[in-house]
Amino acid sequence: MDTSSIQPLQPPRGMNDVLPSQVAAWQRLESIARELFATYGYREIRVPIVEHTALFKRSIGELTDIVQKEMFTFQDPGGDSLTLRPEATAGIVRAMISNGLLHNQKQRVWCAGPMFRYEKPQRGRFRQFHQIDVEAFGYAGPDIDAELIMLSARLLKRLGIERLELNLNSLGTLESRKVYREALVRYFSAHKSKLDADSLRRLEGNPLRILDSKNPEMQEVIAGAPVLTEYLDEPSRQHFNGLLRHLDAVGIKYVVNPRLVRGLDYYTHTVFEWLTNELGSQGAVCSGGRYDGLVAQLGGKSTPAIGWALGEERLIELIEVQHGAQPQEAPDVYFVISGTQAEAVGLTLAERLRDELPAVRIETHCGGGSFKSQMKRADQSGARFALVLGDSEAERQVVGLKSLRIEAPQVELAWADAAAELRKRLTEG
RNA sequence: GUGGGCGUAGCUCAGCUGGUAGAGCCCCGGAUUGUGAUUCCGGCCGUCGUGGGUUCGAAUCCCAUCGCUCACCCCA
């Protein structure tokens, strides 16, 4: 049924507007990230928001929750099945292969933008959400694992985020993981009577996730299950220990969590998550891992790779929880224009000032109104100064300059002198 | 997909056992005949989420439905 006629106009469920009052926090996050990535030698890549459905099925895994029930999939007018990207890695890997960027080359890239998953929205979980994503291709050793984690740690620190816990684990090679998975299925199948409904379902698709269960009645069976660490081969162990040594050396604290498995099939070796307990139930703020098999699996030349993604909405909310809201950007000058003669020349004067002061933020009052209401607006804008143009000033070709943040007498300036005086006062701090 | 809580003005909310909708904030104007505090006065603002039922009468009771939200699940 069409409910649009009886419901107020709303965005699609789980998709949010970022309002002018919130945008400062987004810009701060994105600009800090962009500057930091450049200092580590990572370059931006931009890829489509839509890809062929098969790309996500083959990379994320047919049996994962994301592919089975969370994708926005549709047919284009030509009959192709396309999907709104539920995560960034698949598209970036595809772009690497499509453009031949991995041919005897290493790549360090980052990407930011919206992702889409058809989930039931709740705190920290939306149908359209935004990630900042970092990937490195062609590096096999644990040094790049360490670099990527150091990069994430520095970014989180620079954003002012506190009290995060870094969880780490190694899944080993695809082969060792496969052997372990079979052992788990054997174990849990032998204890089927003790499994709850969720775990029985996972037994078919993703038995590793049974280890994650929060059901208290499950803890006993889980405690007796085989441990992944015991199935790691020697090279996997060495890789993981190498990573830990690098992290120890720079003093990054971590917790090795053998239960950390991640929900995407392509991960191998290192996986990690930065966790908070200050956002309700969606505690993962940044997470990622190595995916050495994915490039080859998608048809590229076999290339080791690793990456992580952080959730912008979650990070912004966490910053707000810990430090309060980001103040909005204020103009430098609020230009009060009152009276018919003033209105006739006000915009022209403002344009002249902008010619001479290209970096100064001048907000002109449009739409008339009393001096009182315009001054009130000037105050609320957060501007340091008000320029005051009434009919009497317009007649004499002068403009009033009033300091709004400190006690100081209002002065009158000839139009020709206004820009120079403003420049002087604004640089005085 | 499952469960809990909640839908009244742009925002935050009041409205008891049914009697026909209110406050504060915001915004505009005035007191202050051209200047951002406070105070005071006035003004603006409502399909009481939607549909149906009970009733002389429903924001209030009943049913359905939609939406929001939190948790499970999943994950950034």
Side-chain angles (χ1 to χ4, degrees), chain A residues 1-14 16 19 21 60 64-70 86-89 112-133 152 196-199 201-202 205-206 209 212-215 260-264 273-276 279-288 307-318 334 336-339 342 365 367-394 400-405 407 409-410:
Chain A
M1 190 184 104
D2 179 18
T3 56
S4 62
S5 57
I6 55 172
Q7 284 294 335
L9 212 47
Q10 285 177 335
R13 189 155 157 77
N16 301 310
L19 302 179
S21 60
I60 297 167
T64 58
D65 279 24
I66 293 178
V67 168
Q68 287 206 318
K69 50 188 191 190
E70 296 178 0
E87 56 103 47
T89 301
M115 309 293 158
F116 302 85
R117 293 184 197 172
Y118 190 81
E119 298 192 86
K120 194 154 171 182
Q122 64 184 69
R123 187 178 187 193
R125 192 175 78 182
F126 311 100
R127 290 187 174 180
Q128 175 177 333
F129 60 103
H130 297 77
Q131 290 187 340
I132 295 176
D133 200 84
S152 67
D196 60 17
D198 278 332
S199 297
R201 184 174 51 78
R202 291 170 179 142
N206 197 347
R209 289 225 78 93
D212 264 349
S213 174
K214 289 165 196 161
N215 186 345
L260 178 61
V261 293
R262 322 269 18 258
L264 292 77
E273 289 187 344
W274 289 97
L275 300 172
T276 176
L279 286 183
S281 65
Q282 307 299 325
V285 130
C286 171
S287 59
W308 54 251
L310 64 77
E312 294 194 63
E313 283 85 354
R314 289 183 188 178
L315 227 41
I316 286 166
E317 186 176 354
L318 186 56
Y334 194 96
V336 170
I337 302 170
S338 184
H365 186 95
S370 68
F371 273 94
K372 185 185 178 72
S373 64
Q374 291 198 32
M375 287 306 297
K376 196 170 176 183
R377 199 170 283 279
D379 183 41
Q380 288 172 345
S381 77
R384 285 173 59 199
F385 296 100
L387 278 173
V388 182
L389 186 72
D391 286 343
S392 101
E393 285 87 353
L401 176 61
K402 175 163 183 160
S403 180
L404 295 173
R405 303 299 151 209
E407 212 44 60
Q410 180 170 330

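Below, read A as the first sequence line, B as the second, and so on, with proteins coming before strands; counting in each chain starts at 1.
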Give one of base, sugar-phosphate or nothing for [X], where a contact means two heavy atoms less than 4.0 Å apart.
| X | value |
| --- | --- |
| A/Ser287 | sugar-phosphate |
| A/Phe126 | base |
| A/Gly124 | base |
| A/Glu312 | nothing |
| A/Leu264 | sugar-phosphate |

Considering only the [atom1] atoms, how many Å lie between [N] and [M], rounded to the nearest integer?
| N | M | atom1 | result |
| --- | --- | --- | --- |
| B/G51 | B/G7 | C1' | 16 Å |
| B/U54 | B/G22 | P | 29 Å |
| B/A14 | B/U60 | C1' | 14 Å |
| B/A23 | B/C44 | P | 12 Å |
| B/U17 | B/C61 | P | 7 Å |
| B/C75 | B/G4 | C1' | 22 Å |
| B/A58 | B/C48 | P | 12 Å |
| B/G24 | B/U38 | P | 16 Å |

Between atom [atom1] in [X] and atom [atom2] in [N], what is the gap in whole Å?
| X | N | atom1 | atom2 | answer |
| --- | --- | --- | --- | --- |
| A/Asn16 | B/C68 | CG | C1' | 11 Å |
| A/Arg117 | B/C75 | CZ | P | 8 Å |
| A/Arg127 | B/U69 | CZ | P | 11 Å |
| A/Gln131 | B/C75 | CD | P | 13 Å |
| A/Tyr118 | B/C74 | OH | C1' | 15 Å |
| A/Arg125 | B/U69 | CZ | P | 12 Å |
| A/Lys120 | B/U69 | NZ | P | 11 Å |
| A/Glu70 | B/G1 | CD | C1' | 11 Å |

| If you find the nucleotide of RNA chain B closest to A/Thr64 and the one closest to A/Gly14, which residue's nucleotide is nearer the 5' end? |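 With A/Thr64 and A/Gly14 compared, the 5'-side residue is A/Gly14.
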| message | Go nucleotide by nucleotide along RNA chain B from the 5' end; which of A/Val285 and A/Arg13 gets its closest nucleotide reached first? | response |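 Looking at RNA chain B, the more 5' nearest nucleotide goes with A/Arg13.
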| request: Could I get the full list of ring pair (Phe, Tyr, Trp, His ring centres under 6.0 Å) partners for A/Phe371, not counting sequence neighbours? | output: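 Ring pair (Phe, Tyr, Trp, His ring centres under 6.0 Å) check on A/Phe371 returns nothing, list empty.
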| Given pairs defined as Watson-Crick or G-U wobble with both distances under 3.5 Å, what dot-bracket annotation applies to RNA chain B, with ( ) intrastrand, [ ] crossing, | other strand and . unpaired? | (((((((..((((.....[..)))).(((((.......))))).....(((((..]....))))))))))))....
| Side chains of A/Lys69 and A/Thr64: does their closest heavy-atom pair fall under 4.5 Å? |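 No. Closest side-chain heavy atoms not under 4.5 Å.
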| said: Could you tell me if the side chain of A/Gln122 sits less than 4.5 Å from the side chain of A/Ser281, heavy atoms only? | reply: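 They are in side-chain contact.
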| query | Which nucleotide, B/C68, B/A71, B/G67, lies nearest any side-chain atom of A/Arg123? | reply |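 Nearest to the side-chain atoms of A/Arg123, counting from C-beta on, is B/A71.
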| message | Counting only side-chain heavy atoms from C-beta out, which of B/C75, B/C70, B/C74 sits nearest to A/Gln122? | response |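 Of the options given, the side chain of A/Gln122 lies nearest B/C70.
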Holding to salt bridge (charged side-chain N to carboxylate O under 4.0 Å, His left out), I want the full list of residues that pass it with [X], two or more places apart in sequence or in another chain.
| X | result |
| --- | --- |
| A/Glu317 | A/Arg123 |
| A/Glu393 | none |
| A/Arg125 | A/Glu119 |

| request: State which residue, out of A/Leu275, A/Leu318, A/Leu310, fulfils the side chain to side chain contact (heavy atoms under 4.5 Å, CB included) condition with A/Val285. | output: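 For A/Val285, the side chain to side chain contact (heavy atoms under 4.5 Å, CB included) check succeeds only for A/Leu318.
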| Test applied, side chain to side chain contact (heavy atoms under 4.5 Å, CB included); reference residue, A/His130; option that passes from A/Arg314, A/Met115, A/Glu312 |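 So, applying the side chain to side chain contact (heavy atoms under 4.5 Å, CB included) to A/His130 and each of A/Arg314, A/Met115, A/Glu312, only A/Glu312 qualifies.
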To the nearest 0.5 Å, tell me how far [X] [atom1] sits from [Y] [atom2].
| X | Y | atom1 | atom2 | value |
| --- | --- | --- | --- | --- |
| A/Asp391 | A/Ser338 | CG | OG | 7.5 Å |
| A/Gln374 | A/Leu389 | CD | CG | 10.0 Å |
| A/Glu313 | A/Gln131 | CD | CD | 9.0 Å |

| query | Just by protein heavy atoms under 4.0 Å, how would nucleotides 26-36 of chain B read 5' to 3' in B, S and -? | reply | -SSS----BBB
